[in-house]
Each structure stands twice: as structure tokens, then as C-alpha cells.
Amino acid sequence: MKKTIIESLKEELITIIDDALKAAIASGELDNVDEYEINLEEPREKANGDYSTNIAMMLTRKLRKAPRMIADAIVKNIKVGGKISKCEVAGAGFINFYLDDSWLYPVVEAVEKEGADYGKSDMGKGQKYMVEFVSANPTGPMHMGNARGGALGDCLAELLSWAGYDVTREFYINDAGNQIEKFANSLNARYLQLHLGEDKVEFPEDGYQGGDIIEHAKEFTKINGDKYVNAPEQERKDALVAYALEINIAALKTDLEKYRINYDVWFRESELHNSGAVKEVIELFKKSGHTYELDGALWFKATDFGEEKDDVLVRANGIPTYFAADVAYHRNKIEQRGFDKSIDIWGADHYGHVARMKKALSAIGIDSDKLDVIIMQLVRLTQDGEIVRMSKRTGKAVTLSDLLEDTSVDAARFFFNMRQADSHMVFDLDLAVAQTSENPVYYVQYAHARMCSIISLLAEEGVCVKSASELDLSLLKEEQEKELLKKLCDLPEEIKSAALVYEPSRLTRYCIDLASLFHAFYNSCHVRQENRALMEARLKLVDTVRIVLKNVLSMLSIDAPERM
């Protein structure tokens, strides 16, 4: 596995500490100790150095000495030089390392060499991961929750891909079950009302009231006229659903593509029923010994696995439940398609379903640890300080399409990834469109545009970005320059850490932090100046930061404008 600059640095420091400890033992300053682990941390206060270890405290019991005495013995055997400019004992026995600036400069060459791939790693070793997200009901348009889930899921998938996993993006189309029956009944009533009159045909009490249902009925009529008015009801409903469902699915795809989301797989629930996969799962449940029949229905005895109540698998009318189909779907992902990990993004209303699903998978012999579920909290949309519940255009609930009319795709994707999925969030429409530093996505994009402007203006004066090998990077000694270099070094580690905890919000925070550090550098360190060597080194730093910021924005599928 390719080591990052930070990994190599930590490995070197740990080796130095280990060698010093062994030298202290060999000289008799410390007693022999067999098993120990050396950890490094970044101190919160810069005054305490770049890295610190608590190894002396960890060895106190084994060596029966005060931690400061142990730390003094270790530090005595550490040779200062190279990457270490100073090493000292602090507090109760911490060993603090102060590093020479030279360790930072290789990041410039690394970014130059790797370019658009800087930040990628092979941590995941090509393991097959699936991220299934949005999976909106195809009977209507996508709402705000889907908008958040779309941004989270797509950015998580890209994050995992950068961390070395083989990632598949999947949309699960619920084209079977109760909601499709309700969809069919709604379309059927509207179609008949168009031809027989509203007073002649009663609309289902639980039917879908949206105007899209009426539009589907009208368009279907334009094509088929009254051909299906006297047809058998099931034939009529099947024809209406076959027509309208494909239009809705196509609309979902269009909206999601506009949102810069492209799925690898669109999986239909109906395939599970048509292929017999649902029946197979039901048979597996029966064989497991965790089912029983009651009132004509087949139940999964979830209480055997600690749940408070059991779940119906097959209704008394012989029709499998959505729960049974959902188990079949996860079996398909994990067992039949062989994904090492299936990651689902669900709304908060599905929280109680997580344990049930994992226990159901365990009951039929599937490793439930291969299923991870991210629970996503609700979004409140605000404008002018007021909560927005209805679309100005339709007077209905705000949809993804409405949102993208009121703000940019960049703002939506950035804002939805600024907070952890399990936290409630407020989406401020006014802030999202504001062209000020208060708007985080504008702040970040402006930083990128400013970098491009510096590079362009200096190029007009004949000062172009040189390769790292042609420059004296040791001239970059100002604190603002070193902070930028350190942040660039952090990116590969940040991506790996974020991937391990499924947290794309760490990417937006990284963008904001990097932009903030750049703005501080811009205000303190003049790039264009008389000292040619320093000017060229700073110009290279600007270009390096530009590449890295663009890389992270590309992971989020957010534009990196060159002018604003």
C-alpha cells in the first residue's frame, strides 16, 4: 500500500521513539519491557509541538516509575536533527516533537506528480461496496429528504471510491406492492372520470391526489382514447401503470442527472417477485425454524432475536409483504451479487427497521455485518427567516426540482454535505444564493477563482508555474505558508478517515478550512513581488492548493470556477 506523507512521517517518529526506548533499556536506564504500543497525536495547542506521544504514561505500571522519569530516559536517547528540530518532555510525561519545516515541502512534488489523483489511496483494496440511496417512491416526484439523501449518497460513493473501494451506486425502484396498487387505483379512477364524469366514478379515499395523476390520465387518453374504458379493470390498471410508471422513472432519472447523480444500477423490486427470489427467501425463513402461522398469515418470529414484536412475511391473502421483499433484496445484494458491504441511506422514519432487517438476515444465514445503514434526519427549508413548506410554483410540497430552481446544484450538494447525516439541518435558501463570504460554497469557490486569477495575471507578466524541482521551496517559511502545506499533507488521511466512518461532511469542512487558510495566506503573503525566487515558490504553492481544492470539489461534484 502506498504510504502518504503523514503515514511515512508518523512511522519514522514511532521508529525513533522505539529505538530510543530500546536504547534506554540497553543502557540500564529503564527495565526491560516486552509489549507496548506507541501512539502519536497532534497536540491541540501549537505551543506543544507538531506531534506528541504518551508512551511514558502507558509504561508507568510495567516499569514502576513516574512517567516523567520514563520520558526523560527516552528523550535522552533521541537524537535531534533531520525532521526533528526539538524534542522535550512536558506536563505529566508527554514527549513533544517539534518538526523541521523540511518535512512539509515534499507535498508540493506529490501533488504535482499525482495531479487530479492526489488524495486517492488503495485502503479499500478493491472491496465491492454498494451504496443504495434515494430509492424514492416512483409514484410521484422526489421531495427534500430525497434531495439530502441524493447528495449524501453520491458523495459517500465517490469518497469510498477515492479510498480504494470498488463502488456501485444503486437505486431501488419500488415498482411492486401496496404503493403501486394505490397508484394503479388512482390512475384508474382519474382515467374513468375523464370519460364517464367525476360524479360517476368515486376516487379512492387513500388515492394519490397529485395533479401528476390527472396529467398521466390525460396523456394516456391522448394515446389510447376510450379504448380501456370497457376493458377488464385489471387490464386497464396494468396498462395505466405500465404507461405512467415509466414516465415517472424517466423523470426521476432526469432530475437526478440534473443533480449530477448517475446510477450504475436501477434495480426493480418487481424483478425479485418475477424471479422467485421473494419465494426463495420465504422458504429460507421456514427452514430456519423462526416462523409460524397465525390467522392465515406467515410470521417471522423476530422476538427470537430480541425484537419486541414479530413481522408478517406473507399476508393472509397469500401476498408477500414489503418486509419479505426487502429481505430478498438485501440477500440479492450481499449473497447473490457478492457485495462485501451494502450501505443503505434511510430516512429517520426507518430507524426501527434497521435492527429488524439485520436480525432477519441473520435468521436466514446471511452475515448482517455486511449491511450498514445510515440514518438521515429531516431537512427544514427556510427563506426570509420563515420555514418553507410549499412550492411557490405548484403550491405543493417542495420537491428536488423546486429546490434546484431556487438555488444552484453546487449549493445544494455542498449544503447537504455540511452536516452529519444523523443531525437535523436547516437549509437557508437566502444563504445558499448569497454571493458573500457568509455562503460557504461561494467562499470556497471564490478561493479557487482567486487562485486561478493569480496564476493567470502572473502568466501575462511572464511568470509561469514551474516544476517543484526547479524551485527553492525552503523559502516558504511564513506561518500561513506552512499551515497551507500542512493542510495539503492532511488530505489523503482525511479521505481515508472519512471513508471509514462514512462521513462526507469531512470533505466540505476540509474545503472550508483550506479556503480559509488560503485567504489568510493571500492577505499576509504577497505572491507578486521583487524577490523572484520567493514569488515563484509562492506561485507554485498557489497552484498546488488550487489542484487540491479542485480535487475535493470534484469529489463532491461541485464546480471549481476559474472566474467569479
Side-chain angles (χ1 to χ4, degrees), residues 1-8 10-11 110 114 116-135 149-172 260-267 271-272 277 281 326-346 354-355 357-376 417 420-422 490-507 510 551-552 554-557:
M1 183 187 293
K2 180 184 70 175
K3 288 187 176 69
T4 66
I5 290 172
I6 297 288
E7 284 175 330
S8 297
K10 286 183 175 180
E11 193 174 276
E114 297 175 38
D117 289 332
Y118 180 74
K120 291 183 177 179
S121 75
D122 55 0
M123 179 181 76
K125 300 185 183 301
Q127 291 181 85
K128 289 180 62 180
Y129 273 35
M130 177 204 278
V131 183
E132 185 242 310
F133 58 105
V134 179
S135 298
L152 284 168
D154 194 48
C155 293
L156 173 59
E158 191 64 15
L159 169 64
L160 291 167
S161 180
W162 274 62
Y165 297 90
D166 179 5
V167 183
T168 296
R169 293 166 170 82
E170 183 153 306
F171 189 112
Y172 182 48
R260 300 175 190 156
I261 298 175
N262 292 284
Y263 287 91
D264 301 297
V265 178
W266 290 76
F267 191 98
E271 291 180 24
L272 297 170
V281 156
D326 208 14
V327 175
Y329 176 49
H330 285 87
R331 175 182 177 238
N332 173 277
K333 290 195 284 188
I334 296 168
E335 189 174 86
Q336 296 171 321
R337 284 191 277 165
F339 283 99
D340 296 299
K341 189 76 77 173
S342 172
I343 304 168
D344 296 355
I345 297 180
W346 293 351
V354 178
M357 178 55 58
K358 282 181 164 286
K359 287 166 184 176
L361 291 172
S362 296
I364 59 172
I366 294 173
D367 183 1
S368 63
D369 286 340
K370 290 190 173 184
L371 169 64
D372 284 339
V373 180
I374 297 170
I375 293 297
M376 177 186 65
N417 277 293
Q420 294 179 339
D422 61 357
D490 286 342
L491 180 62
E493 297 302 303
E494 192 67 34
I495 290 172
K496 288 194 278 190
S497 297
L500 287 172
V501 294
Y502 304 158
E503 196 45 75
S505 68
R506 295 179 68 152
L507 299 180
Y510 182 89
N551 283 2
V552 185
S554 75
M555 292 175 68
L556 297 163
S557 288

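These numbers come from the heavy atoms of this one structure, side chains and all, not from hydrogens, waters or symmetry mates.
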(message) One thing to verify: whether E132 and K333 come together as a salt bridge, which I'm taking to mean a side-chain N less than 4.0 angstrom from a carboxylate O.
(response) yes
(message) Which heavy atom of I334 sits nearest to which heavy atom of S342, and what is that distance?
(response) CG1-CB, 4.2 Å
(request) Answer whether the closest heavy-atom distance between the side chains of M376 and W346 falls below 4.5 Å. (result) no
(message) Just by distance, no angles: are the side chains of E503 and S505 close enough, under 3.5 Å, to form a donor-acceptor pair?
(response) yes
(message) Testing the 3.5 Å rule here: is there a donor-acceptor pair between the side chains of S121 and K496?
(response) no
(request) Report the residues that fulfil side-chain hydrogen bond (donor to acceptor under 3.5 Å, both in side chains) with S8, sequence neighbours left out, ordered by chain and then residue number. (result) none
(request) Identify, with sequence neighbours excluded, every residue that meets side-chain hydrogen bond (donor to acceptor under 3.5 Å, both in side chains) alongside Q127. (result) none
(message) Has S554 got a side-chain atom pairing as donor or acceptor with S557's backbone, closer than 3.5 angstrom?
(response) no
(message) How close do G119 and E114 get, counting heavy atoms only, and between which atoms?
(response) N-OE1, 4.3 Å
(message) Could you tell me if the side chain of Y165 sits less than 4.5 Å from the side chain of D340, heavy atoms only?
(response) no
(request) With sequence neighbours left out, write down each residue that passes ring-ring contact (aromatic ring centres under 6.0 Å, His included) with F171, or none if nothing qualifies. (result) Y263, W266
(message) Within the 3.5 Å criterion, strictly below it, is a donor on N332 or R337 matched to an acceptor on the partner's side chain?
(response) yes
(request) Might you point out which heavy atoms bring G150 and I261 nearest each other, and give the distance in Å? (result) O-CD1, 3.3 Å
(request) Using the test ring-ring contact (aromatic ring centres under 6.0 Å, His included), find all partners of Y329 that sit at least two apart in sequence or belong to another chain. (result) Y172, F267
(message) In the structure I gave you, are the side-chain heavy atoms of M357 and D326 within less than 4.5 Å of one another anywhere?
(response) yes
(message) Donor-acceptor pair, distance only, cut-off 3.5 Å: does the side chain of N417 make one with the backbone of P504?
(response) no
(message) Taking the side chain as everything from C-beta on, heavy atoms only, tell me whether I343 gets closer than 4.5 Å to Y129.
(response) yes
(request) Applying side-chain contact (heavy atoms from CB on, under 4.5 Å), run through M555 and L159 and close with a yes or a no. (result) CA-CA 7 Å; M555 292 175 68; L159 169 64; 4.0 Å; yes
(message) Can you tell me how far apart CD1 (I495) and CG (D490) are? Round to the nearest 0.5 Å.
(response) 11.0 Å
(request) In sequence, state the C-alpha distance, the side-chain angles, and the governing distance for E7 and E493, and then conclude on side-chain contact (heavy atoms from CB on, under 4.5 Å). (result) CA-CA 8 Å; E7 284 175 330; E493 297 302 303; 3.2 Å; yes
(request) Just jot down the side-chain hydrogen bond (donor to acceptor under 3.5 Å, both in side chains) partners of R260, sequence neighbours excluded, or say none. (result) D410, D559
(request) Determine, stepwise, if the pair Y502 / D372 fulfils side-chain hydrogen bond (donor to acceptor under 3.5 Å, both in side chains). (result) CA-CA 10 Å; Y502 304 158; D372 284 339; 2.7 Å; yes
(request) Please confirm whether the backbone N or O of A157 pairs with a side-chain atom of S161, one donor and one acceptor, at under 3.5 Å? (result) no
(request) Given side-chain contact (heavy atoms from CB on, under 4.5 Å), test V167 with D264 step by step and report yes or no. (result) CA-CA 9 Å; V167 183; D264 301 297; over 6 Å; no
(message) Suppose we screen for side-chain hydrogen bond (donor to acceptor under 3.5 Å, both in side chains). Which residues come up paired with S368, at least two apart in sequence or across chains?
(response) S362
(message) Within the 4.5 Å heavy-atom criterion, are R506 and S497 side-chain neighbours or not?
(response) yes
(request) Without swapping roles, check the side chain of D367 against the backbone of D369 for a donor-acceptor pair under 3.5 Å. (result) yes
(request) Test V265 against M130 for side-chain contact (heavy atoms from CB on, under 4.5 Å), laying out the working first. (result) CA-CA 10 Å; V265 178; M130 177 204 278; over 6 Å; no
(request) Flag the pair R169 / D154 as yes when at least one side-chain heavy-atom distance between them is below 4.5 Å, and no otherwise. (result) yes
(request) Search all heavy atoms of I345 against all heavy atoms of L152 and return the closest pair with its distance. (result) CD1-C, 4.1 Å
(message) I want to check something: taking the side chain as every heavy atom from C-beta on, are I374 and L156 in contact at a cut-off of under 4.5 Å?
(response) yes
(request) Taking the side chain as every heavy atom from C-beta outward, state whether L371 and K358 have any pair of such atoms under 4.5 Å apart. (result) yes
